[in-house]
Amino acid sequence: MESTDVLVIGSGIAGLCAAIEAASAGATVAVASAGKTMSGSSFFPGTWGLGLIGPVDEDDEQDLISTIQTVGGGVADPTLVQTFVHGIPQAIEWLEQDLGVELQRPQSAESAQQKQFIPCFDHKTRMWRGLTRKPLEDACTARIESLGIRLLPRHELIDLVEDTTGKITGAVLYDRASEHLVPIAAKAIVIAAGGTGGLFERSLTSADVLSSSQGIALAHGASLTNIEFMQMMPGFIEPKRNLVFNEKTWRYVHVDQPVDIADGKLDGLLEQRSGYGPFTSRLASRAIDLVIDQAGAEGLALHYDFPREDVPEFVQTFATWLQDEHGIAPSDEMRVAMYAHAANGGIRIDKTAYTGVEGLYACGEATGGMHGADRIGGLSSANGIVFGRIAGASAALAARNAPEVAPKADIDLPHYGIATTDAEHLTRSLKHTMSTYCMINRTERGLSTALQEIESLETEATTLSMRNAHDSQVAALARPESQIQLAKEVVKAMRNRTESLGSHYRAD
């Protein structure tokens, strides 16, 4: 049976940073990802890149910590927030100086102070950097090769393996290419497989963000935090789907169909809406998102009317990307719908990225606690780098301190499975339920119905399962089972939080 010191699940920015840090500390490292290596939300092609913000100086650190707590509605973990913010400057320096990633900067000190560079939900400009895919891919590829990190693309996490004391000692992966289960022993495992976007029909994440790893971690003793806080974002339906709608451009929008907003108020709400990307219940401009949500799957019809001169740099960058990468001109007619975007909550960790389960660490969007009810723009990528490095270092230390015992010759593999067509039906049904009742408008009645439907799917999965299944059928069952477990916890958390708070909106 194969073995490694540290096994990282997921190869977005958090997983890559964890793997590189663990290998740099002397651990043997393998990285498994459900899709290709360097995928997930970090490399999602439906946006021009990632914003990356940090404090300008020590005084700004304290301001950012305070602002995160305020924007987060008081539900972020203070220790995680402090660890996070204090680690951002060093993380950015490591990214540029050590890893050699070329980051974008505002064109001038003057443009850096433009309001378009104020992060979502923030109250001031800070140190802003732009992180685009190719420089990150190139730098990570070179470092991965130099450190001898083993890559396992298209290897999906099916289950974790624990010993008699509950310590995680390995994992069962599913090789999607060969359609075989692959057991692997590991002294420490890092989960960095993304957030909860895979539970919804429309999602601004890559298709390989399966939203199953949290359910697997739960089954082995981990816990979740702030899981009800799911960011919902406007995205394009026409002329091309699955593209992020840049929030800074709302002030230049003309709505092309009747909406339930008085004409005298619409311009002011669009201006306020230009200050942030994801939906929030805190601001009056939530009316814009509610109108989009009401438009349903067909989306809200609109077009841009950009000024002829003095277009802000941030807006011009987006317009150029839209034209050059996707052939969409600013004058084209467009339709925008609501998409599930990013999770602000997830697996609970401490400041060392430890989950409370021996041998198991987590980082990136799979985790929660460092943001809260709303998340300041540019902090998702920063979170992946800061806690990715922390998780990698912690996992390497745990592996180094683990007693040397002879690995088991084999791991007992799961043998219950389900027909692929039945699994696809379960997944489609789950996503439809979550999209119907758990997007923006959440009510006790709707959430109660959602929970009943999810529990019914759970029963159906058990009924349809069969013994002595082929490996592909085992994987087909494990995925919806874990997704169903996560979905149940998400809906329960949404029901328990009866008041609107940030990204969580109770319409009742």
Is there a side-chain contact between [X] and [Y], using heavy atoms and a 4.5 Å cut-off?
{"X": "H220", "Y": "L360", "value": "no"}
{"X": "S24", "Y": "L147", "value": "yes"}
{"X": "I189", "Y": "Y361", "value": "no"}
{"X": "L290", "Y": "N441", "value": "yes"}
{"X": "I440", "Y": "M338", "value": "yes"}
{"X": "I149", "Y": "I20", "value": "yes"}
{"X": "I65", "Y": "Q82", "value": "yes"}
{"X": "D350", "Y": "T79", "value": "no"}

To the nearest 0.5 angstrom, please state how far the [atom1] atom of [X] sits from the [atom2] atom of [Y].
{"X": "E489", "Y": "M494", "atom1": "CD", "atom2": "CE", "answer": "12.0 Å"}
{"X": "L218", "Y": "S213", "atom1": "CG", "atom2": "OG", "answer": "10.0 Å"}
{"X": "L457", "Y": "I484", "atom1": "CG", "atom2": "CD1", "answer": "5.5 Å"}
{"X": "E201", "Y": "T427", "atom1": "CD", "atom2": "OG1", "answer": "12.0 Å"}
{"X": "Y437", "Y": "Q452", "atom1": "OH", "atom2": "CD", "answer": "9.5 Å"}
{"X": "R154", "Y": "S178", "atom1": "CZ", "atom2": "OG", "answer": "10.0 Å"}

For the pair N344 and D374, evaluate side chain to side chain donor-acceptor pair (under 3.5 Å) and give the outcome as yes or no after the intermediate values. CA-CA 7 Å; N344 286 357; D374 278 329; 5.2 Å; no
Any sub-3.5 Å donor-acceptor pair from [X]'s side-chain atoms to [Y]'s backbone N or O?
{"X": "S465", "Y": "T462", "value": "yes"}
{"X": "S11", "Y": "M38", "value": "yes"}
{"X": "Y354", "Y": "A395", "value": "no"}
{"X": "D5", "Y": "T28", "value": "yes"}
{"X": "T463", "Y": "T459", "value": "yes"}

Can you establish whether the number of heavy atoms outside [X] located under 6.0 Å from its atom [atom1] is more than 12?
{"X": "E499", "atom1": "CD", "value": "yes"}
{"X": "H415", "atom1": "NE2", "value": "yes"}
{"X": "K351", "atom1": "NZ", "value": "no"}
{"X": "E444", "atom1": "CD", "value": "yes"}

Looking at L131, T132, L136, which hits side chain to side chain contact (heavy atoms under 4.5 Å, CB included) with L50?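 Per the side chain to side chain contact (heavy atoms under 4.5 Å, CB included) rule, the option paired with L50 is L131, out of L131, T132, L136.
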The single option from T225, L224, T367 passing side chain to side chain contact (heavy atoms under 4.5 Å, CB included) against R348: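 By the side chain to side chain contact (heavy atoms under 4.5 Å, CB included) criterion, R348 pairs with just one of T225, L224, T367: T225.
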Is any NZ, NE, NH1 or NH2 atom of the basic residue among [X] and [Y] found under 4.0 Å from an Asp or Glu carboxylate oxygen of the other?
{"X": "R506", "Y": "E228", "answer": "no"}
{"X": "E156", "Y": "R176", "answer": "yes"}
{"X": "R273", "Y": "D289", "answer": "yes"}
{"X": "K488", "Y": "E458", "answer": "yes"}

Minimum heavy-atom distance [X]-[Y], with the two atoms named:
{"X": "L486", "Y": "G215", "result": "CB-N, 4.3 Å"}
{"X": "A91", "Y": "V386", "result": "CB-CG2, 3.8 Å"}
{"X": "V8", "Y": "G10", "result": "CG1-O, 3.6 Å"}
{"X": "G372", "Y": "V75", "result": "CA-CG2, 3.7 Å"}
{"X": "R389", "Y": "E21", "result": "NE-OE1, 3.0 Å"}
{"X": "K187", "Y": "A402", "result": "CD-CB, 4.2 Å"}

Audit row: I144, L16, side chain to side chain contact (heavy atoms under 4.5 Å, CB included) steps and yes/no: CA-CA 9 Å; I144 285 168; L16 294 174; 3.9 Å; yes
Hey, what's the ring geometry for [X] with [Y], parallel, tilted or perpendicular (30° and 60° as the breaks)?
{"X": "F229", "Y": "H504", "result": "perpendicular"}
{"X": "F84", "Y": "H371", "result": "perpendicular"}
{"X": "Y505", "Y": "F279", "result": "perpendicular"}

Cationic tip of R282 within the cone over F121's six-membered ring, i.e. under 6.0 Å and within 45° of the normal?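 Flagged: R282 positioned over aromatic ring of F121.
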Evaluate the criterion side chain to side chain donor-acceptor pair (under 3.5 Å) for residue pair T169 and D163; output intermediate values, then yes/no. CA-CA 7 Å; T169 58; D163 64 15; 5.8 Å; no
Looking just at side-chain N and O atoms, do Q483 and S212 make a donor-acceptor pair shorter than 3.5 Å?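 No, no side-chain donor-acceptor pair sits under 3.5 Å.
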R202 and S435: side chain to side chain contact (heavy atoms under 4.5 Å, CB included), yes or no, with the steps? CA-CA 8 Å; R202 289 192 306 276; S435 299; over 6 Å; no
Check against side chain to side chain donor-acceptor pair (under 3.5 Å), Q231 and S503: CA-CA 6 Å; Q231 289 187 337; S503 56; over 6 Å; no
Is there a side chain to side chain contact (heavy atoms under 4.5 Å, CB included) between C17 and I13? Walk through the geometry before answering. CA-CA 6 Å; C17 289; I13 192 169; 4.2 Å; yes
With side chain to side chain contact (heavy atoms under 4.5 Å, CB included) as the criterion, how do I184 and V172 come out once you've worked through the C-alpha distance, each side chain's angles and the decisive distance to 0.1 Å? CA-CA 6 Å; I184 182 167; V172 178; over 6 Å; no
